[in-house]
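A quick write-up on the structure given underneath.
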Amino acid sequence: MAWTKYQLFLAAMMLITGSINTLSAKWADMFSAPGCYGSPNHAFSHPFVQAVGMFLGELSCLVVFHILLCHDRRKPEPTMDPGQSFNPLLFLPPALCDMLGTSIMYVALNMTSASSFQMLRGAVIIFTGLLSVAFLGRRLQPSQWIGILVTIIGLVVVGLADFLSGHGDDSRKLSEVITGDLLIIMAQIIVAVQMVLEEKFVYKHNVHPLKAVGTEGFFGFVILTLLLIPMFYIHVGSFADNPRQVLEDALDAFCQIGHKPLILLALLGNTVSIAFFNFAGISVTKEISATTRMVLDSLRTVVIWVMSLLLGWEVFHGLQILGFIILLVGTALYNGLHKPLMAKLPCCPGEQRAEEGEAPERERLLGAGKAANES
């Protein structure tokens with residue numbers, strides 16, 4: 001069935017805003033400006049401030065939810081299901097995972113390229129699959145285990161591409177690139193824990209997706225904003241790129257923004273795009289399918305990679321293409337995107353039907369996470 005204009009609009013919004021989200025975060029990292037205390041020109045390296053902005057974008061989904069709900073209730077026959085009432089503290093554990101995982105990924109984005117950052121986030125299916133078996137009692141199909149294995153191979157290829165390109169890049173130490181890649185993969189373990197927690201404790205309560213994202217954003221925004229205070233005094237030495245060498249210097253970030261207002265534009269791009277990305281992703285799942293949402297999420301990796309090349313942020317490396325294709329195949333196998341092709345073959349119809357029985361659950365598990373988005 002052909003897509004309607006509204007469905008095409010939602011798909012385009014998800015693809016564009018999802019790409020802007022990563023590109024704007026990387027753009028902010030590439031600025032240099034003087035800071036506070038008379039410090040000289042230095043790179044804008046404030047991952048926790050960026051994470052606060054991302055959670056502000058998620059929090060805005062809660063505002064959108066209530067606006068849509070109020071608009072719907074004015075209709076003669078309301079159609080929007082607000083979901084059942086729930087204890088907001090249910091969202092605290094996944095919100096803490098979201099906060100930790102997002103912060104680690106923003107630290108890693110300072111160290112590696114935007115395209116590798118996006119590709120390596122595909123590792124989440126490995127840990128989500130393993131944790132769903134261990135804690136949700138889910139039985140993975142053979143195609144899913146193969147998908148996990150293929151994804152591991154793809155991660156190795158992408159890591160190798162970064163290793164080889166790091167040798168020829170004088171502006172970025174090879175050790176930083178490797179550390180950044182490892183941090184991204186580590187963050188996917190935390191994201192997978194978040195997804196399993198949401199599946200086990202949250203989504204059985206029939207919570208509206210926008211309300212779920214907004215509630216997690218509220219907890220993340222409040223907690224991380226408060227944590228910026230002790231971070232201002234925690235010295236971490238050369239690990240930090242700010243002049244005072246503390247875990248996060250929010251005042252220095254604001255001073256740099258004052259000296260170079262374009263940084264604020266990049267941060268606003270990250271905040272606004274994550275809000276629209278979450279709204280578009282939830283709407284795509286509702287209006288089209290969770291599978292389409294996963295495909296669009298994979299396509300934005302291509303957009304990010306192409307834009308990074310056009311902007312001169314990266315150098316072309318053939319191994320990245322190979323790694324991305326392998327990761328795409330692994331994701332497709334894990335999420336059952338091969339089934340339409342298998343259905344046309346006159347073999348194993350019984351196994352095909354068995355796998356289809358678990359597809360909606362798997363789509364809900366992986367489709368319920370952000371972008372960012374999952375930040």
Side-chain angles (χ1 to χ4, degrees), residues 6 9-22 24-25 50-73 78-103 105-106 191 194-195 197-199 201-203 205-225 267-288 290 292-294 296-297 300 364-375:
Y6 179 62
F9 170 74
L10 290 174
M13 181 192 292
M14 181 182 170
L15 185 62
I16 293 170
T17 57
S19 303
I20 290 173
N21 182 248
T22 299
S24 60
Q50 287 180 286
V52 168
M54 192 277 294
F55 283 118
L56 181 60
E58 284 191 7
L59 175 58
S60 66
C61 290
L62 198 58
V63 178
V64 172
F65 167 77
H66 286 291
I67 291 174
L68 293 176
L69 187 61
C70 289
H71 182 265
D72 184 70
R73 284 177 175 173
T79 57
M80 182 176 173
D81 179 15
Q84 67 186 77
S85 59
F86 62 95
N87 184 353
L89 291 177
L90 280 173
F91 286 91
L92 183 57
L96 292 173
C97 292
D98 191 6
M99 182 183 70
L100 183 58
T102 300
S103 299
M105 283 191 280
Y106 277 122
V191 173
Q194 174 193 346
M195 289 184 175
L197 286 173
E198 289 173 341
E199 176 77 4
F201 299 111
V202 176
Y203 287 105
H205 292 279
N206 185 30
V207 182
H208 192 281
L210 277 176
K211 195 173 184 180
V213 172
T215 305
E216 285 189 14
F218 169 78
F219 281 118
F221 176 75
V222 171
I223 295 172
L224 194 54
T225 299
L267 296 178
L268 286 176
N270 187 42
T271 300
V272 174
S273 63
I274 195 65
F276 280 97
F277 176 66
N278 276 297
F279 173 77
I282 291 166
S283 300
V284 165
T285 302
K286 179 182 176 182
E287 297 288 336
I288 309 174
T292 302
R293 182 178 180 177
M294 295 170 200
L296 291 171
D297 202 43
R300 73 183 178 120
R364 190 158 73 96
L365 177 63
L366 289 176
K370 292 192 320 295
N373 327 131
E374 312 115 298
S375 121

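Fair warning: this is a prediction, and the values are worked out from it, not measured in the lab.
You'll find the side chain of Thr102 stays beyond 4.5 Å of the side chain of Leu224, heavy atoms only. Side-chain contact between Asp297 and Met14: present, with at least one pair of heavy atoms (C-beta onward) separated by less than 4.5 Å.
Note that the CE atom of Met195 and the CG atom of Asp98 stand 10.0 Å from one another [nearest 0.5 Å]. With rounding to the nearest 0.5 angstrom, the CG atom of Leu90 is 11.5 Å from the CD atom of Glu198. Atom OG of Ser273 sits about 10.0 Å away from atom CG of Leu268, to the nearest 0.5 Å. Atom-to-atom distance recorded for Phe277:CZ and Leu296:CG is 9.0 Å, nearest 0.5 angstrom. Atom CD in Glu58 sits 10.0 Å away from atom CG in Leu56 (nearest 0.5 Å). Taken from OH in Tyr106 to CE in Met54, the straight-line distance is 5.5 Å, to the nearest 0.5 Å.
Shown here for Met13 and Ala280, the closest heavy-atom pair between the two residues is SD-CB, 3.6 Å. Considering every non-hydrogen atom in both His208 and Pro82, the closest pair reads CB-O, 3.9 Å. Minimum interatomic distance between Ile274 and Thr271 (heavy atoms only, all atoms of both residues): CG2-O, 3.1 Å. Taking each heavy atom of Ala25 and Gln50 in turn, the nearest pair found is O-NE2, 3.2 Å. Across all their heavy atoms, Ala275 and Cys61 have their closest contact at O-SG, 3.9 Å.
Ser60 places a side-chain N or O within 3.5 Å of a backbone atom of Gly57 that can act as its donor or acceptor partner. Using modelled atom types, no side-chain atom of Thr292 and backbone atom of Ile288 make a donor-acceptor pair closer than 3.5 Å. Here the side chain of Asp72 pairs no donor or acceptor atom with the backbone of Pro78 at under 3.5 angstrom.
Checking Leu197, Leu96, Val213, Thr215 one by one against Phe91, the side-chain contact (heavy atoms from CB on, under 4.5 Å) holds for a single residue, Thr215.
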Open item on the list: Run Phe279 and Leu68 through side chain to side chain contact (heavy atoms under 4.5 Å, CB included) and show every step you take.
Closed with: CA-CA 12 Å; Phe279 173 77; Leu68 293 176; 4.1 Å; yes

Task: Arg300 vs Thr22, side chain to side chain contact (heavy atoms under 4.5 Å, CB included): CA-CA, chis, key distance, verdict - done: CA-CA 10 Å; Arg300 73 183 178 120; Thr22 299; 4.0 Å; yes

Open item on the list: side chain to side chain contact (heavy atoms under 4.5 Å, CB included), that's the test. Do Met80 and Phe65 meet it? Break it down for me.
Closed with: CA-CA 10 Å; Met80 182 176 173; Phe65 167 77; 3.6 Å; yes

Open item on the list: I'd like to know whether Val191 forms a side chain to side chain contact (heavy atoms under 4.5 Å, CB included) with Met105, so could you lay out the CA-CA distance, the side-chain angles of the two residues, the decisive distance to 0.1 Å, and finally the verdict.
Closed with: CA-CA 10 Å; Val191 173; Met105 283 191 280; 4.1 Å; yes

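More than 12 heavy atoms of other residues, nucleotides or ligands sit less than 6.0 Å from atom CZ of Phe219. Within 6.0 Å of atom NE2 in His71, 12 or fewer heavy atoms from other residues, nucleotides or ligands are found, so the atom counts as exposed in its surroundings.
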